[in-house]
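First comes the structure, then the notes that go with it.
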Amino acid sequence: MIRLFNTYSRTLEEFRPLDPAGREVKMYTCGPTVYSHAHIGNFRAYVFEDLLQRHLELRGFKVRRVMNITDVDDKTIRGSREAGVPLAEFTAPFKKAFFEDLETLRIKRADSFPEATDPREIGKMIEMIGTLLERGLAYQAEDKSVYFRINKFPDYGKLAHFDLAELRSTGRVQSDEYDKENIGDFALWKAWDEVDGAVKWESPWGAGRPGWHIECSAMATQLLGEQLDIHCGGVDNIFPHHEAEIAQTEGCTGKQFVRYWLHCAHLMVEGQKMAKSLGNFYTLRDVIAKGYSGREVRYALMRVHYRAPLNFTWEGMEEARQALARVDDWARRLGGKVEEEENVQPASALDGLRRGERPTSNVQHPMEEFEAALDDDLNISGALGILFETIRETNRRIDAGEIDASEAKAWLEWWERVDRVLAISGEDGALTAEILALGEARMQARLAKDWRKSDELRDELAARGWEARDTKDGQKITRRGGA
RNA sequence: GGCGGGGUAGCCAAGUGGUAAGGUCGGGGUCUGCAAAACCUCUAUUCGCGGGUUCGAUUCCCGCCCCCGCCUCCA
């Protein structure tokens, strides 16, 4: 049984998809606004969503996921104006970069990435706004913009658990919208303004562009239907964005929009909020440029429970690197055991692999326990704890000569299953001719017991990102860090 | 002021009404030409603070303190 924390109810709920067969899961995740490179805080949310999707899939669900791309809003318009290029030309490179970054972090691609400027989506938004107007849930103000009338939607505020009467303005958003009936009414359609330049679409209410919230309602219902199983985003999207989505969508369909709302806590950097003014603002590219690999960043962003604040630090990146190296070495070691024999079949009874003899052992059934931890609202720390205990125990037993090729193969198969969720396994980079030559030279030096030269060659290999280890089976050269 | 999330070893972090997983760092050891890896071992009488319930609380209840966030277009 999978349990997830639903923001709406503020409780852990058993997860059951709407699909009568209980198999298909409709999942919508708020994507990036492409006015710059996404930062690691954004990616924390996307990595969390990826972990959720992968775990649901491991548990046999068929996930249909949509992630939107916001390519028109105040910031993208401002950016294109400042760059002096058309909007689409301004956002294109950021879209491309976003998809590259997803790949770097091994985030599975959603089934579709609808864009807000897609005519088909704009059409759907206009259709929905029309419906809301017909029902009296929206109105066109004197400034020609169309607003949602929150007083007509009694449930408004239920997701965020806000009492609307208690709200007070933070002054973050300029309140120049005197035309609204209620300060809390939000724009569905923004009338064209001079600063919008060429950015405009025709609508029954005049030229303009869609409000931000309506795009998610339109795309989600258009691509996944009127009711979703899961909708994710960062905690800062709870209000007003997701609240507005509920109002708009349910205002049109009369049906519950989302069954499970999941929100990811914020990322902090060195104990502080990430901000350009503090100089601690990082894009994924910034971290990669420091020499870290995508999977190292993935691990660092993933290893803390999604509802707890995550403090990003360089010390944390080093920890991620070391932890992954430990996993890599373990998997390599098992691979080596398997190669010792030919035509190895995995031990048939996986349960028999549990390490029951030692009283100090905490993990009795790693196969089940790892997945059970993730079932519990994605308890990643618990799951990783089981993985690492299993690693220590299997390493110990390999040292003791207790694991044969058949059992090693079974552990590797388990690891492959685990890694379908974690997606952190290493790739051995191809040995180049230069590295091979250095390795060969070092072997010769060792045979000649020229330790000094052998150590120098080891340093040279290290400088190129490779490590030479002397084992009883001879020298082994492996990639260290990165990759 | 309202609504959330969090405060567990140097750092990251799981967890349960019955006496603290795991990762990382550091010390010692086995192994090694030396290393590395691996393994063994040491490092929280203690879980923000103060009360209460209980035979027993880090875990339940009450109060308080601190950090982070949202309060109308920031994941």
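We name chains A, B, ... by the order of the sequence lines, and we start the count at 1 in each one.
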Problem set entry | base_contact_polar (B/C34 base, A/Arg458 side chain, donor-acceptor, <3.5 Å) |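 Between B/C34 and A/Arg458, which were checked side chain against base, a qualifying N/O pair under 3.5 Å is present.
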- Message: Under 3.5 Å, is there any donor-acceptor pair linking the side chain of A/Glu389 to the base of B/G22?
- Response: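 Donor-acceptor pair under 3.5 Å: no.
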Need one value for [X]: base, sugar-phosphate or nothing, where a base atom within 4.0 Å counts as base even if backbone is also close, heavy atoms only.
X	answer
A/Gly316	nothing
A/Arg442	base
A/Asp329	sugar-phosphate

* Asked: Do A/Phe388 and the base of B/G22 stack face to face, with centres under 5.5 Å apart and an angle between planes under 30°?
  ->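 One would not call A/Phe388 stacked on the B/G22 base.
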query: For the ring pair A/Phe239 and A/Phe162, is the centre-to-centre distance below 6.0 Å?
result: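 Ring centroids of A/Phe239 and A/Phe162 are less than 6.0 Å from each other.
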Next on the checklist: Of the options B/G33, B/A14, B/C71, whose atoms approach the side-chain atoms of A/His305 most closely?
Outcome noted: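 Of the candidates, B/A14 comes closest.
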Do A/Arg307 and A/Phe5 meet the cation-pi criteria used here (NZ or CZ under 6.0 Å from the six-membered ring centre, within 45° of the axis)?
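Output yes; distance and angle both within limits.
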Requested in this report: Examine A/Lys144 relative to A/Trp205 and say whether NZ or CZ is less than 6.0 Å from the centre of the six-membered ring and inside a 45° cone about the ring axis.
Outcome: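 Judged by the rule (NZ or CZ under 6.0 Å from the ring centre, within 45° of its axis), A/Lys144 is not positioned above A/Trp205.
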Check your understanding: Taking CZ from A/Arg446 and P from B/A35, how many angstroms apart are they, rounded to a whole number?
Key ->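 Nearest whole value for this atom pair: 13 Å.
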Across all strands, who's sitting opposite [N] as a Watson-Crick or G-U wobble pair, both distances under 3.5 Å?
N	value
B/G1	B/C71
B/U59	none
B/G33	none

Taking only the C1' atom of each, what is the distance from B/A13 to B/U54 in whole angstrom?
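Each nucleotide's C1' atom is 29 Å from the other's.
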TODO: Evaluate the side-chain contact (heavy atoms from CB on, under 4.5 Å) criterion for residues A/Cys30 and A/Asn68: first the C-alpha distance (whole Å), next the side-chain angles of each, then the deciding distance (0.1 Å), finally the verdict.
DONE: CA-CA 6 Å; A/Cys30 286; A/Asn68 69 299; 4.2 Å; yes
